[in-house]
Structures are given as C-alpha cells and as structure tokens.
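Note that the coordinates shown come from a computational prediction; the quantities given were computed from them, not determined experimentally. Convention: sequence-line order gives letters A, B, ...; per-chain numbering from 1.
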There are 2 protein chains.
Amino acid sequence: MNPKQPLNPPTQQRALPGLTEKQIARLSVYRRLLQELPSASRPEIYSHDLAEMSRNTAAQVRRDLMTIGFTGSSARGYQVEQLIAAIGGTLDAPEGQTAALCGVGNLGRALLDYFTIWRPQLRIVAAFDIDPEKSGRVIHRCRVWPLAEMPQVVREQGITVGVITVPAPSAQRVAESMLGAGIRGFLNFAPTPLHLPAHAYVEEMDITTSMEKVAYFARTLAPAPVEES
Amino acid sequence: MNPKQPLNPPTQQRALPGLTEKQIARLSVYRRLLQELPSASRPEIYSHDLAEMSRNTAAQVRRDLMTIGFTGSSARGYQVEQLIAAIGGTLDAPEGQTAALCGVGNLGRALLDYFTIWRPQLRIVAAFDIDPEKSGRVIHRCRVWPLAEMPQVVREQGITVGVITVPAPSAQRVAESMLGAGIRGFLNFAPTPLHLPAHAYVEEMDITTSMEKVAYFARTLAPAPVEES
DNA sequence: GAGTCGCTGTGACAAACTTCACGTTGCCTG
DNA sequence: CAGGCAACGTGAAGTTTGTCACAGCGACTC
Ligand SMILES: NC(=O)c1ccc[n+]([C@@H]2O[C@H](COP(=O)([O-])OP(=O)(O)OC[C@H]3O[C@@H](n4cnc5c(N)ncnc54)[C@H](O)[C@@H]3O)[C@@H](O)[C@H]2O)c1
Ligand SMILES: NC(=O)c1ccc[n+]([C@@H]2O[C@H](COP(=O)([O-])OP(=O)(O)OC[C@H]3O[C@@H](n4cnc5c(N)ncnc54)[C@H](O)[C@@H]3O)[C@@H](O)[C@H]2O)c1
C-alpha cells in the first residue's frame, strides 16, 4: 500500500521497470533458498523446483525472473550461480547499504544479534537508545549511541535503513528524527502505523496483527480430512 | 497465498462470508487503533479518521466494516465501543485461544515477554526448547518444556497456535511435531517456508526479506522534493 | 420544517496480481 | 539426425483487491 504509484520514478541508472513490493519479496526468498542449496546439488534448477521450495507456482517463478530480465535455458532450467548474482544485481546496492536500529530492548537486542553477524551487504551498523545505561555500550558488536548523536552518525556512515523497536508512543517521533537524519526506508516493529512523507518507504512488521491472523485462520480453516479406515 | 480458496468452508456457527487475509489484518489494526484512542475523544469516529490512522482510504475502511456487517450512522460515523466489540466478534474466539512457542532463543524470549503479559484473549501459555538448560525453567512467567512433552501439553491445554523461533534447519521438523500435536496455525520466524498440509495455516514472518525490501525501496523511491527558497 | 451539509453503504469500475496455455527451444535417445 | 520430451517465455484470460462516485439518510441550522 505504500507505493501506490508504479513506484519506480525515473530512478538512477538501474533501469528495471518498477518492481513491486511482492516481486521484491519473492526475489529475496528465491535468493535465500538458492544460497542454501547444498552445493552438491546440480548447478541448474527448474522453475517448478524453486516454486515448490518457495510455495509458489512455476509460472509465478518464471514471470518473476522475467521481470528482472533473467533467462534460463529450456530443458536445463536456470543456472543457480548466475541467478543468485542476477537477483543480487537487483536487490543489492552495488556500494552496499547499512542500517540503524533505534530501541535496544528485548526485540532490538535480538535483531542486533541477527543482523550484525549477517551478510556484509546489509548490516546494522549503529544502534540508538534513550536510556543512558545502554548508550555508550557495545551490544552484539554494535555500538549503542545516545539519541542526540543520531544525525551525525547516520550522515557520516551514510545509513539509509532504519529499524524501529521503541515503544509505540515513541515510534512516530523516532521515525521523524531518523528521516531528518537522512534515513529513507523504515522497518517498523512498533504497533503503530507511521505517518511519513511520500518519499519515505515504510514497512510495518506488525507481529500482533500476524498473531491474530494466525489465530483466526487456525479456527476458520477447513479441518483435516478424515482418514479413511 | 495460503488460502487460495474462498477460505471459509462450512465453518462453525460464525457465518461470516470468508474474510480474506488482508481484511483480517486490517480489522486487527483498526481494533488496536480504536482501543488506543484516548477515552476523552468522542465516542464516534468517521471512516476517514480511521483511514488516516491506519494509512488507508476511507472507502477501504467502510468496505471492511461492511464485510463484517457493521453499520454506522450517517453524519455521526461509527460507535467506537460497538465497533471494537464487533471486530472482536470476528477476530476473537469466544472461548479464547492460546499459543505455544518453540525455540527460546533471542527472538523467542522477546516474544515470550511480549505475548504473555498481553491480552487474555490470545496468550502464549507454553514454550518448548531442545536445550535441557532451558526446559524446566520459567521465562517471563511462561514455563519452558522439553520437546518430548509437546503432545501432552498442547493437547491438554487445547493450544491451536504455534510460534516457531528455532533455527531454520529445525523449523520444518518442529512445525510437523506441532501439527501432530494438534496445532493448526503457525507463525514462522525461521527463514524457511514451511511445507504443511492444506488444513494448516502458515504465516511467514520473514524479517530478512522485509529488511531487503526496505533497503531496495529506500534506494529506489523518488527522492524528497527540493524545497523552494 | 425546509434546506444544507457531510458521511455512510454500495454498485460499478479500475488496477494489480496470478494463472493458463501454448508456441518455442534445446537436450537427449535411439 | 529425426523425433520426442520437457521446460522456458509470454500474451491473454482470470481473479483478487482497491477505488470512485453517488444515492440516500440523518443531523443540524435558521
Ligand atoms: N518484544 C516483542 O516480542 C515485540 C513484539 C511485537 C512488537 N513489539 C514492539 O517492539 C517495540 C519494542 O519492544 P521491546 O519488547 O523490545 O520493548 P522494550 O521495552 O524491551 O525495549 C524498548 C527500548 O526502547 C528504548 N526507548 C524507549 N523510548 C525511546 C526513545 N524515545 N528513543 C530511543 N529509545 C527508546 C528503551 O530504553 C528500551 O531499551 C515495542 O513497540 C513493541 O510494541 C515487540
Ligand atoms: N533473532 C532475530 O532477530 C531473528 C531475525 C530474523 C529471523 N530469526 C530467526 O528466528 C529463529 C530464532 O532466532 P534466534 O536469534 O532466537 O536464535 P537462537 O539461536 O538465539 O535461538 C534458537 C533457540 O532454539 C532452540 N532450538 C534449537 N533447535 C531446536 C529444536 N529442534 N527444537 C526446539 N528448540 C530448538 C535453541 O536451544 C535456542 O534456544 C531463527 O530461525 C532465525 O533465523 C531471528
């Protein structure tokens, strides 16, 4: 819902015709699945295999790869290594990209642990917290700064992604600070939709809503078929 | 993608015509926003106010409320209290619903903390871990059991929702155990799509993919408009 | 108590997204 | 080296999802 428009303005050099949110999400999943393939397996893969792994249809996979201009060979499928690289060419910033996290609480610490050891292509490189007990320390190899330092740190390191794990009442204010410091993309774990101008991108990670969805469908879905005897 | 079919089989008494995943998600957000309204504010609300809060359009809000058969009054809008109750009538199980979490690591502990203190309507009431150091202890008021106890605990407590926070290689196996024990809905934080039969509902919480999405759009989105001087 | 205003409910429309289905291509077999 | 097979690429059709726009209604004004 964030990008209602075709979502790709006359961007920079990367001239891909506006990929949508869903396409980007699927490409990300494809890549991760491909990277996890045991290297013993064949160097090619079929669309229907990738589809099965990612819980999609083969047609969906083929069309997604079509949109990034990647082409396989009939009867042998797609070259795994090349495909990983091609998806990377779309998803990854050539120069790399870095993220900042604000709110080093229960959730924030878990994410820090996860995304600092993670791939070099997209790492959390700075954290911020209002609590003076926390700022100044280094948690999971990531330095925690006081809020006042945010503008400088973000600008100096060229951080473009912000992860918000502060309590809900602070989320909007924190997001605006990050935006002011130059951050353009937001991953918001606080249970409050953020209101930011159109040139910012916001992804809501609403875990409570997801729980409620699961609970609802766990009740509502068709029951298991009775097994014949 | 999970429920391709109209998604509501001849369910139980609740005779609402198959709400979709997105509708449920939006309803959940509406309710939370309404509950957080300061009680000082008026007891009615307009569709466009709710829309603004939830980052939707007014038409979307009205249509969502139409699907649950809730009706407002022209020129005064919707009764907030009644609306909260009406959404609850759809989302909540009358008898309440409980969840189990598997994998008491960094992320699992954060979630336990969050969803045990939480609302009585949907709580995590049991946790499981393979690590004998952890099972037997009580973390955030929630008892952690060894894996072997899962079938009994789940059955005895009638748990229907499962939260998966184990490492990716174990996720599929753990999900199957939970399914076998009677759990029907899954919230999966492990970065591997689960493969379960059609009578189970799976929601993938793929944080890594969300991060990559945000990074992509942070780069790709239109830049801030230049301010006139 | 007639008029005006603004919000709801909803049919019709539009856009986004997915699937179908088939021509095309390249490999493998005999 | 011809024939068969299986997978790709993609226009077209289908489905789902969101938006428009307006009739109708209720409240409030004067
Ligand atoms: N923990 C979970 O599993 C979970 C699940 C769903 C949603 N959330 C949401 O994620 C957010 C964080 O949850 P948590 O459990 O980690 O909470 P927490 O209380 O453990 O952590 C919050 C942290 O944010 C810091 N903080 C508070 N105000 C701040 C501000 N203005 N600027 C910077 N830092 C500030 C606090 O010092 C603290 O370290 C909350 O919005 C919560 O609703 C958490
Ligand atoms: N931590 C994060 O921020 C984060 C972010 C995105 C995704 N994830 C995913 O969430 C999952 C958990 O992440 P984490 O950081 O909490 O990892 P963690 O290593 O801290 O915790 C994993 C826990 O699972 C337990 N476990 C391992 N195998 C098990 C099994 N077969 N049955 C039951 N319990 C088992 C371990 O004992 C441990 O307590 C992983 O799949 C990870 O990829 C985590």
Side-chain angles (χ1 to χ4, degrees), chain A residues 1-8 16-30 34 42-80 82-83 86-87 193 213 217, chain B residues 1-8 16-30 34 42-80 82-83 86-87 193 213 217:
Chain A
M1 42 193 47
N2 211 5
K4 323 190 155 178
Q5 292 82 12
L7 178 52
N8 248 14
L16 289 172
L19 299 181
T20 68
E21 294 188 66
K22 291 188 171 177
Q23 288 170 333
I24 294 295
R26 284 193 299 265
L27 288 171
S28 164
V29 171
Y30 298 157
L34 291 171
R42 271 212 340 293
E44 294 102 7
I45 194 169
Y46 296 132
S47 61
H48 58 84
D49 291 327
L50 239 191
E52 138 77 12
M53 287 187 254
S54 61
R55 306 192 52 212
N56 273 125
T57 65
Q60 180 77 82
V61 170
R62 290 203 298 275
R63 191 164 287 276
D64 286 336
L65 300 192
M66 201 180 79
T67 64
I68 62 167
F70 188 81
T71 170
S73 93
S74 65
R76 271 193 321 183
Y78 301 95
Q79 299 282 331
V80 172
Q82 290 179 23
L83 179 49
I87 296 177
K213 259 174 73 176
F217 288 112
Chain B
M1 41 191 52
N2 212 4
K4 325 190 157 180
Q5 292 83 14
L7 176 54
N8 246 12
L16 289 173
L19 299 182
T20 66
E21 293 187 65
K22 292 189 171 180
Q23 287 169 334
I24 293 295
R26 283 193 300 263
L27 288 171
S28 164
V29 171
Y30 298 156
L34 292 171
R42 271 214 336 295
E44 296 102 5
I45 194 170
Y46 296 132
S47 61
H48 59 85
D49 292 328
L50 240 191
E52 140 76 10
M53 286 187 253
S54 61
R55 307 191 56 211
N56 273 126
T57 65
Q60 179 78 79
V61 170
R62 290 202 300 272
R63 192 166 286 280
D64 286 335
L65 300 192
M66 202 181 77
T67 63
I68 63 167
F70 188 82
T71 169
S73 94
S74 66
R76 273 193 321 182
Y78 300 95
Q79 299 282 330
V80 172
Q82 291 179 25
L83 179 49
I87 296 177
K213 258 174 73 177
F217 288 113

*So, is A:Ser47 close to the D:dC8 phosphate, meaning a side-chain N or O under 4.0 Å from OP1 or OP2?*
yes
*Examine C:dC17: is either OP1 or OP2 under 4.0 Å from a nitrogen or oxygen in the side chain of A:Gln60? Give yes or no.*
no
*asked:* From C-beta outward on A:Lys22, which listed nucleotide comes closest to its side chain: C:dC7, D:dA7, C:dT18?
replied: C:dT18
*Distance check: side-chain N/O of B:Arg26 vs OP1/OP2 of D:dG18, anything under 4.0 Å?*
yes
*Measure from CZ on A:Arg42 to C1' on C:dC27 and round the result to the nearest Å.*
13 Å
*Out of C:dC17, C:dG9, D:dG24, which has the shortest distance to the side chain of B:Tyr78?*
C:dG9
*asked:* The side chain of A:Ala75 is closest to which nucleotide in this list: D:dG18, C:dG26, C:dT8?
replied: C:dG26
*Measure from the side chain of B:Ser74, starting at C-beta and using heavy atoms only, and say which of C:dT19, C:dG26, C:dC7 lies closest.*
C:dC7
*Would you say a side-chain N or O of A:Ser73 is under 4.0 Å from OP1 or OP2 of C:dC27?*
no
_Heavy-atom check, side chain of A:Tyr30 versus side chain of A:Asn56, under 4.5 Å_ = yes
_Minimum-distance nucleotide (side-chain atoms of B:Arg63 versus D:dC8, D:dC25, D:dT19)_ = D:dT19
*asked:* Closest approach to the side chain of A:His48, judged atom by atom: which nucleotide of D:dA7, D:dG9, D:dT19 is it?
replied: D:dA7
*With the side chain of B:Arg62 defined as its heavy atoms from C-beta on, choose the nearest nucleotide among D:dG9, D:dC22, D:dG11.*
D:dC22
_How many whole angstroms separate atom CG of B:Leu65 from atom P of C:dG9?_
8 Å
*Compare the minimum distances between each of D:dC20, C:dC7, C:dC17 and the side chain of B:Ala59, then state the nucleotide with the smallest one.*
D:dC20
